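Any value given below was found using the heavy atoms of this structure, including those in side chains, with hydrogens, waters and symmetry copies removed. Bear in mind that the values here come from a model prediction, so they are computed numbers and not experimental data. Both ligands and their constituent atoms are indexed starting at 1 by order of listing.
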Amino acid sequence: MTVRTAAGEALRLENVRKVHGTGDGKVDALAGVSVALPAGSFTAVMGPSGSGKSTLLQCAAGLDTPTGGRVFVDGAELAGRNEAALTRFRRSRIGFVFQQLNLLPTLDVLQNVTLPLKLAGRRVDTAHAVETLRRVGLGDRLHRMPAELSGGQRQRVAIARALVARPPVLFADEPTGALDTRSAREVLGLLRETVRAHGRTVVMVTHDPVAAAHADAVLFLADGRLVGRLAAPTAEAVAERMTHLGDDAEVQRARTGA
Ligand SMILES: Nc1ncnc2c1ncn2[C@@H]1O[C@H](COP(=O)(O)OP(=O)(O)OP(=O)(O)O)[C@@H](O)[C@H]1O
Ligand SMILES: [Mg+2]
């Protein structure tokens with residue numbers, strides 16, 4: 001039986017650990033992360049390169065298996081399912097925008113965006129897909145192939161693809177990383193809207209304090225540990241916090257004796 005958590009909780013991590021590699025190459029990418037995010041919240045995750053942000057998202061989305069701890073998405077625990085059941089669960093509940101976008105090169109933009117719906121055996125709402133592509137500024141690129149697009153355009157296709165599936169929980173790894181200011185603002189507006197208007201939950205990794213300021217709260221990660229949280233963030237407050245993250249990690253290490 002699948003273990004469930006309290007209603008209204010979109011994501012719960014309990015002491016999640018992840019060790020990458022073996023022997024001398026062993027890396028504690030996540031050193032015990034616990035967090036609970038309510039449904040209908042928009043959370044940014046920040047931290048230095050290598051601090052474990054992508055690993056955190058991959059484990060939370062069931063794309064990677066934690067070395068220890070427990071993960072609950074949309075109230076249900078990820079562990080204890082076979083691969084097919086996990087895939088079904090992901091397709092119905094979880095959206096993901098990767099750091100490396102995996103668009104299929106042989107499908108055009110619109111086909112890439114509607115593919116997950118087809119794979120999940122769901123009705124394809126082409127008008128909604130076209131409207132979402134229009135919102136991310138690709139209304140005139142529906143039938144281009146991925147190879148004919150810029151990096152930022154490809155990133156927007158991946159975002160449209162994730163939104164069109166209307167997942168209750170959406171994870172986005174640096175979704176605005178390759179975008180100019182205006183496109184980034186559009187994408188952040190769309191993410192906000194998916195939270196505000198549709199009650200979905202978004203967890204977004206970003207290096208940009210301005211992007212993070214669009215979220216309800218920012219979680220700070222350093223050396224695989226959560227070292228801080230900032231509610232109602234402003235870009236200034238986030239930038240200020242980022243400059244002291246290294247110090248926070250030191251304090252945390254001293255406290256835990258790690
Ligand atoms: N597949 C892997 N095998 C071995 N080590 C890995 C693997 N993936 C990540 N790591 C290591 O785990 C740590 C955390 O990596 P992760 O990709 O989660 O960082 P990140 O915070 O997303 O960094 P960035 O901001 O550069 O994307 C790093 O030290 C990284 O080198
Ligand atoms: Mg990363």
Working for side chain to side chain contact (heavy atoms under 4.5 Å, CB included), residues T87 and R90: CA-CA 5 Å; T87 301; R90 269 203 311 263; 3.6 Å; yes

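Within the structure, the salt bridge (charged side-chain N to carboxylate O under 4.0 Å, His left out) test picks out the following pairs touching residues 126-141 (sequence neighbours left out): E131-R134, R135-E193.
With sequence neighbours left out, S51 forms a side chain to side chain donor-acceptor pair (under 3.5 Å) with no residue at all.
For the pair D216 and R196, the salt-bridge criterion is met [side-chain N within less than 4.0 Å of a carboxylate O].
In summary, the atoms of ligand 1 found under 4.0 Å from a heavy atom of S54, numbered by their order in the structure, are 17 (O), 18 (O), 20 (P), 22 (O), 27 (O). The S51 neighbourhood of ligand 1 comprises atoms 19 (O), 21 (O), with distances under 4.0 Å to a heavy atom of that residue. Ligand 1 places these atoms under 4.0 Å from at least one heavy atom of A29: 12 (O), 13 (C), 14 (C). Residue contact check: H207 has heavy atoms under 4.0 Å from atoms 25 (O) of ligand 1.
Under 4.0 Å from ligand 1, heavy atoms of T55 appear from its side chain as well as its backbone.
Taking all heavy atoms of P48, G50, C59 into account, the minimum distance to atom 13 (C) of ligand 1 is reached by G50. Nearest-residue assignment for atom 2 (C) of ligand 1 (options M46, Q58, H20, K18; heavy-atom criterion): H20.
M145 and V113 are assigned to two separate hydrophobic clusters, defined by single-linkage of ILVMFWY side chains at heavy-atom distances under 4.5 Å. Residue V124 is grouped with residue L110 when hydrophobic side chains (ILVMFWY) are merged at heavy-atom distances under 4.5 angstrom, including chains of intermediate members.
Ligand 1 is never approached by G47 to a heavy-atom distance shorter than 4.0 Å.
S54 lies close to the Mg ion (ligand 2), since one of its N, O or S atoms is found at a distance under 2.8 Å.
R192 contributes atom CZ, which lies 12.5 Å from atom CG of L190 (distance to the nearest 0.5 angstrom).
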